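So the structure is just underneath, and the comments pick up after that.
This structure is a prediction, so every number in the text was calculated from the model and none was measured.
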Amino acid sequence: MARLARTDGLTDIQQEILSTVREFVDKEIIPVATELEHRDEYPTQIVEGLKDLGVFGLMIPEEYGGLGESLLTYALTVEEIARGWMSVSGIINTHFIVAYMLKQHGTQEQKDYFLPKMAAGEIRGAFSMSEPALGSDVSAISSKGVRDGEEFVLTGQKMWLTNGGSSTLVAVLCRTDEGHPEGTAPHKSMTTFLVEKEAGFGEVRPGLTIPGKIEKMGYKGVDTTELIMDGLRIPADRVLGGETGRGFYHMMDGVEVGRVNVAARGCGVAQRAFELGVAYAQQRQTFGKPIAQHQAIQFKLAEMATKVEAAHAMMVNAARKKDSGQRNDLEAGMAKYLASEYCKEVVEDAFRIHGGYGFSKEYEIERLYREAPMLLIGEGTAEIQKMIIGRRLLEEYRIQG
């Protein structure tokens, strides 16, 4: 079958990886996704299959047991998985943000200990910035880490933790005033802690509680939780990079990877919505012919396909920019903004093409219609992306003199 959103310049290895993942999605994810999503059931068998494929080690260097692939390969893999079920790509995303942060900023001891287990899927990662009262304002973080000898004592409440229950390692951002005099800019007094825990809910280690799953409109299956720290003791050697005050920079670097991931998810969901829409339009008949032959529907299909192609191109560009070692916050912001907005529009058009049947839980488009809004918020709202884009454009186009 013909496909939109093809990517030029891929190696044979990249093509083989994507072909394998796509086959897995078609056989193991799409047939069961809607049923599992309606039950809000964690996709254990799917996750085990992805572990067997090596997906959890995709971007982890070969020296630590991973495949050592690029962000582009990872993003295209996520696009394929999200095409099957967006929640599964969310399970992978937080894992890879933590693995990326460890690879880029961890001490050698931290890399040696965590990365091989993460590559094998034995340790599953999650990361935690948001809190109940701060929204997009990371500088307003109130969770604290206070040194006590060779340990830090962590106190505070975190929110919107993807994989909160199923993860066994959480990168947690807290405020640490150690070595930072009063009046220091908030982003210079934050630290990322590597918190190991048991999978599950309730008190998962002394001083750390995962209360339970947050009920959501969509994005089901994957567990989204709070995280409560009350006198949680963490050894000083579990400060990411071994140095306090660098947490904001660690997290922002990880979020750039996350924004490419969200863009890829938007591309995957939009691709699936287009597939469903174009197929249904050729099957459903009105006034004696398939609705695909009506000009109004052809216009919709043309707009949907163009948006799928445009979002994919921007996502690929952002990933390749990051892979080249260049700053990519502008490209990642643009890709995340465009892909999430276009995803919403393509899904809605596919929903409209389905007519009344789109409102039925028997049709897959109903699930996509509830999933797409999460992409408008995750890894920064559209308004945050536009702030980032605007500031970077003014840097690039600053008038001299």
Side-chain angles (χ1 to χ4, degrees), residues 40 42 87 90-91 93-95 97-98 101-102 110 114 118 123-178 186-187 189-217 219-240 244-248 250-252 254-255 258 374 377-380:
D40 198 7
Y42 187 83
S87 292
I91 292 169
N93 180 37
T94 56
H95 177 84
I97 290 177
V98 178
M101 290 165 61
L102 276 162
Q110 290 167 353
F114 287 113
M118 295 186 79
I123 287 179
R124 302 264 294 287
F127 82 113
S128 181
M129 283 195 302
S130 188
E131 296 181 2
L134 67 82
S136 298
D137 183 9
V138 180
S139 67
I141 278 177
S142 61
S143 296
K144 288 188 176 181
V146 178
R147 183 181 280 276
D148 183 15
E150 294 302 310
E151 296 180 315
F152 282 84
V153 181
L154 275 52
T155 304
Q157 183 179 2
K158 293 292 188 177
M159 194 69 177
W160 305 119
L161 181 64
T162 302
N163 290 332
S166 54
S167 61
T168 51
L169 172 66
V170 185
V172 181
L173 186 64
C174 294
R175 187 178 302 283
T176 50
D177 297 328
E178 178 191 55
H187 66 277
S189 59
M190 296 182 189
T191 299
T192 302
F193 293 92
L194 301 170
V195 178
E196 298 170 84
K197 70 176 187 66
E198 294 292 325
F201 300 98
E203 189 173 41
V204 291
R205 66 176 283 176
L208 179 63
T209 300
I210 305 294
K213 293 197 299 185
I214 297 169
E215 294 295 327
K216 298 164 296 187
M217 175 178 74
Y219 197 40
K220 295 177 180 289
V222 59
D223 48 287
T224 305
T225 73
E226 298 175 68
L227 180 148
I228 300 171
M229 301 174 290
D230 185 10
L232 171 63
R233 290 187 169 271
I234 299 295
D237 64 4
R238 288 300 180 256
V239 169
L240 180 62
T244 62
R246 301 291 301 167
F248 179 83
H250 297 156
M251 284 283 179
M252 291 304 103
V255 164
M374 197 286 293
I377 301 166
E379 256 70 359

field: Check: Phe114 and Glu196 side chains under 4.5 Å, non-hydrogen atoms
entry: yes
- prompt: Considering residues at least two apart in sequence or located in another chain, which fulfil the salt bridge (charged side-chain N to carboxylate O under 4.0 Å, His left out) criterion with Lys158?
  reply: Glu131
Heavy-atom closest pair, residues Ala126 and Thr162: CB-O, 3.4 Å
query: Looking just at side-chain N and O atoms, do Lys216 and Thr224 make a donor-acceptor pair shorter than 3.5 Å?
result: yes
- prompt: Quick one: does Gln157's side chain have a donor or acceptor within less than 3.5 Å of a partner on Ser142's backbone?
  reply: no
- prompt: Is Arg233 close to Asp148 at the side-chain level, that is, under 4.5 Å between some pair of heavy atoms?
  reply: yes
task: Verify side chain to side chain contact (heavy atoms under 4.5 Å, CB included) between Leu169 and Leu102, making sure each step is shown before the conclusion.
output: CA-CA 12 Å; Leu169 172 66; Leu102 276 162; 4.3 Å; yes
Stepwise side chain to side chain contact (heavy atoms under 4.5 Å, CB included) check, Cys174 with Lys144: CA-CA 5 Å; Cys174 294; Lys144 288 188 176 181; 5.8 Å; no
- prompt: With no hydrogens and no angle check, is any side-chain donor or acceptor of Lys197 less than 3.5 Å from a backbone partner on Gly164?
  reply: yes
query: Would Lys213 and Asp40 pass as an ion pair if we require N to O under 4.0 Å?
result: yes
- line: Between Gly212 and Phe201 the two heavy atoms that sit nearest each other are CA-CD2, 3.5 Å
query: With no hydrogens and no angle check, is any side-chain donor or acceptor of His95 less than 3.5 Å from a backbone partner on Arg124?
result: no
message: With a 4.5 Å cut-off on side-chain heavy atoms, are Met101 and Thr192 touching?
response: yes
task: Check whether any side-chain heavy atom of Leu240 sits under 4.5 Å from a side-chain heavy atom of Gln110, and report yes or no.
output: yes
message: Quiz question: by atom type and distance under 3.5 Å, do the side chains of Thr176 and Thr191 form a donor-acceptor pair?
response: yes
